[in-house]
Amino acid sequence: MVRCGGEFMEDDDDEYAKLVRRMNPPRVVIDNDSCDSATVIRVDRVKKHGILLEAVQVLVDLDLIITKAYISSDGNWFMDGTVFNVTDQDGSKLQDREVIDHIQKCLESEDYLVPPAIGSTDGSAPLEDQLLTCIELTGTDRPGLLSEVCAVLAALSCNIVKAEVWTHERRAAAVIQITDEATGLAIHDAGRLSKVQELLCNVMQGDGACAAAAQKGSSSTGVSVGAAHAERRLHKLMLEYGGGGGGGGGEEDRGGNGKVRPKAAKVVVMDCTERRYTVVILRCRDRPKLLFDTLCALTDLHYVVFHGTVDAEGASKEAYQEYYIRHVDGHPVRSDAERTRLVRCLEAAVERRASDGLELEVRTEDRVGLLSQITRVFRENSLSIIRAAISTRDGKAEDTFYVSDAYGNPVDGRTMDAVGDQLGHAVLKVKRGDHDASVKPVAEGGAVSVLGSLLKGSFQGLRLIRSYS
């Protein structure tokens with residue numbers, strides 16, 4: 001164990017570090033009595049890099065809302081404990097004994113990077129996640145990109161079970177989990193996996209600009225067996241591909257349509273010289289998983305949070321986050337360039353999930369080629385997918401898309417009518433059209449008229465793709 005600037009850097013093979021952890025097991029207290037409006041969760045445990053993010057990940061994976069947090073950790077310990085005030089989606093305290101026991105088990109485990117499924121007794125990942133093949137993609141965004149990826153996978157008899165797709169500042173990243181269409185199981189055959197990767201790369205090389213980017217190593221594709229934590233990986237992929245690394249951290253930015261748009265978050269970085277900390281203050285509109293996203297950015301940039309306060313409670317709907325941080329090498333922020341990058345990456349982490357597009361839900365019976373068909377219809381009607389969350393459960397497709405037109409503008413009613421006319425056997429629901437009153441919502445629960453068709457064989461180049469690291 002090496003002490004560096006007040007921060008202990010642990011080697012996983014250090015026997016002394018293991019002894020310290022064994023002598024000081026994690027302690028988690030879950031209290032429904034001390035706060036009128038939330039369940040209070042207090043965590044005390046030996047510190048390691050990323051442990052705060054791991055704890056928050058456990059909570060957000062259960063769709064819990066963190067209304068307040070108090071972080072206090074110096075040296076090698078959560079000295080005064082880390083405290084979270086949480087509620088369920090309805091704003092109520094946690095009452096489900098199974099959920100409470102799950103939180104306790106995860107947070108007191110030494111191996112909760114992959115939390116056990118609720119109901120699991122052996123601490124293993126859910127069985128269904130072990131039966132998936134994971135594909136990670138990053139690259140330059142453009143309209144129709146997801147459609148082309150889905151078409152390629154469908155042509156290779158790969159069924160998309162889950163997928164998360166993010167775009168930001170003309171960059172795209174996706175984590176796609178697939179099975180063999182014939183068996184419903186993960187694809188283990190090395191030759192088959194190689195073919196999937198090869199054909200995706202061949203499609204990418206059909207575009208000259210993409211081919212040049214691929215030669216520089218800025219975009220590629222990776223395939224592995226086994227599920228990844230999609231949102232955690234997406235933050236890493238976007239950062240590795242340059243998402244958030246550029247820009248000047250100003251008050252405004254230009255969207256894909258060239259229009260100047262205000263920043264979604266206000267980030268201030270200051271020096272706390274007497275204590276050798278850097279202070280980060282972030283204010284923005286509150287939303288689900290905001291704390292998780294900002295901690296992902298800090299962790300991926302190799303900063304450690306020593307103290308912090310998070311407040312997302314109140315009628316203003318504004319979230320306030322304040323952190324006292326150092327780099328893992330024990331130093332505070334040391335240059336203007338580092339400061340600028342920190343600001344820009346935090347802004348990007350907030351913006352990537354703060355989609356302002358039209359939200360569409362598709363809920364229908366799953367079938368072969370369904371996702372390829374849906375995304376093809378979007379592409380043919382010049383809709384650009386800003387973000388997507390795709391899943392199947394008990395034979396049902398449960399897909400959510402955030403879309404704009406090809407220039408980043410709101411979708412008009414005529415386009416939505418055309419999309420509704422072309423989608424086959426799908427139930428389409430427009431969840432949010434308040435940014436554009438001209439959008440005509442589809443009646444809740446109403447089926448869209450049918451023009452079911454299978455894949456079209458021609459693809460226009462693919463600008464995707466980044467390797468599985």
Side-chain angles (χ1 to χ4, degrees), residues 49-50 52-54 56-57 60 71 136 138-141 164-175 218-219 229-256 261-272 277-287 289-306 308 310 319-329 331-356 386-387 466 469:
H49 180 52
L52 176 61
L53 174 58
E54 292 175 18
V56 171
Q57 181 176 308
V60 299
I71 302 153
E136 294 188 352
T138 63
T140 305
D141 185 34
E164 290 276 350
V165 180
W166 288 359
T167 67
H168 184 248
E169 295 183 343
R170 295 177 293 279
R171 298 176 177 89
V175 175
S218 62
S219 54
H229 189 280
E231 294 176 345
R232 184 72 192 93
R233 287 298 304 161
L234 285 168
H235 277 292
K236 282 183 173 289
L237 292 169
M238 292 295 272
L239 181 66
E240 290 169 2
Y241 189 61
E251 291 297 317
E252 297 177 329
D253 191 16
R254 293 189 179 273
R261 62 187 181 194
K263 290 292 183 183
K266 294 186 181 299
V267 181
V268 177
V269 177
M270 304 180 295
D271 296 324
C272 181
Y277 289 127
T278 294
V279 183
V280 176
I281 297 176
L282 181 147
R283 291 181 182 270
C284 67
R285 183 174 179 81
D286 189 33
R287 60 164 175 77
K289 301 186 178 182
L290 177 64
L291 177 58
F292 173 78
D293 292 340
T294 54
L295 290 178
C296 280
L298 291 172
T299 302
D300 291 342
L301 291 169
H302 305 293
Y303 292 107
V304 178
V305 177
F306 286 82
V310 175
Y320 175 86
Q321 299 181 6
E322 179 179 317
Y323 302 108
Y324 290 75
I325 65 171
R326 294 181 191 142
H327 196 269
V328 292
D329 62 9
H331 293 280
V333 170
R334 287 173 284 189
S335 68
D336 288 341
E338 184 182 354
R339 187 188 311 271
T340 297
R341 185 166 189 253
L342 174 57
V343 169
R344 190 65 196 95
C345 286
L346 284 169
E347 290 173 344
V350 173
E351 291 169 357
R352 285 194 286 263
R353 208 194 292 265
S355 300
D356 56 1
I386 302 171
R387 185 160 59 90
R466 162 89 190 134
S469 55

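Keep in mind that this is a model prediction, so the values were computed, not measured.
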Problem - Any donor-acceptor N/O pair, Thr167 side chain to Ala172 backbone, under 3.5 Å - result: no
Exercise for the section: Spell out, as yes or no, whether a donor-acceptor pair under 3.5 Å connects the side chain of Arg339 to the backbone of Val333. Expected result: no
Completion exercise
Result for side chain to side chain donor-acceptor pair (under 3.5 Å) between His235 and one of His229, Glu240, Arg352 points to Arg352
Problem - Step-by-step side chain to side chain contact (heavy atoms under 4.5 Å, CB included) determination, Ile325 to Tyr277 - result: CA-CA 6 Å; Ile325 65 171; Tyr277 289 127; over 6 Å; no
Practice task
Determine, step by step, whether Val343 and Val280 satisfy the side chain to side chain contact (heavy atoms under 4.5 Å, CB included) criterion, reporting the C-alpha distance in whole Å, the side-chain angles of both residues, the deciding distance to 0.1 Å, and the verdict.
Solution key: CA-CA 9 Å; Val343 169; Val280 176; over 6 Å; no
Problem - Whether over 12 other heavy atoms sit under 6.0 Å from Tyr324 OH - result: no
Handout entry: With sequence neighbours excluded, residues passing side chain to side chain contact (heavy atoms under 4.5 Å, CB included) with Thr294
Key = Leu282, Leu290, Leu291, Gln321, Tyr323, Leu346, Val350
Handout entry: Tyr320: partners by ring pair (Phe, Tyr, Trp, His ring centres under 6.0 Å), with sequence neighbours left out
Key = none
Practice task
Check salt bridge (charged side-chain N to carboxylate O under 4.0 Å, His left out) between Asp300 and all other residues, then give those that pass, not counting sequence neighbours.
Solution key: Arg232, Lys236
Exercise for the section: Just jot down the salt bridge (charged side-chain N to carboxylate O under 4.0 Å, His left out) partners of Arg353, sequence neighbours excluded, or say none. Expected result: Glu231, Asp293
Handout entry: Residues Leu301, Leu239; criterion side chain to side chain contact (heavy atoms under 4.5 Å, CB included); working and verdict
Key = CA-CA 9 Å; Leu301 291 169; Leu239 181 66; 4.2 Å; yes
Exercise for the section: Can you sort out the partners of Arg285 under side chain to side chain donor-acceptor pair (under 3.5 Å), two or more places apart, ordered by chain and number? Expected result: none
If I compare all heavy atoms of [X] with all of [Y], which pair ends up nearest, and what's the gap?
X      : Y      : value
Ala297 : Ala349 : CB-CB, 3.8 Å
Glu322 : Val279 : CG-CG1, 4.3 Å
Cys296 : Leu53  : SG-CD1, 3.8 Å
Ala173 : Leu237 : CB-CB, 4.1 Å

Exercise for the section: Rounded to the nearest 0.5 Å, what's the gap from NE2 on His168 to CG on Leu234? Could you check? Expected result: 13.5 Å
Problem - Side-chain heavy-atom pair Pro332, Asp271 within 4.5 angstrom cut-off - result: no
Practice task
In sequence, state the C-alpha distance, the side-chain angles, and the governing distance for Glu338 and Thr278, and then conclude on side chain to side chain contact (heavy atoms under 4.5 Å, CB included).
Solution key: CA-CA 11 Å; Glu338 184 182 354; Thr278 294; over 6 Å; no
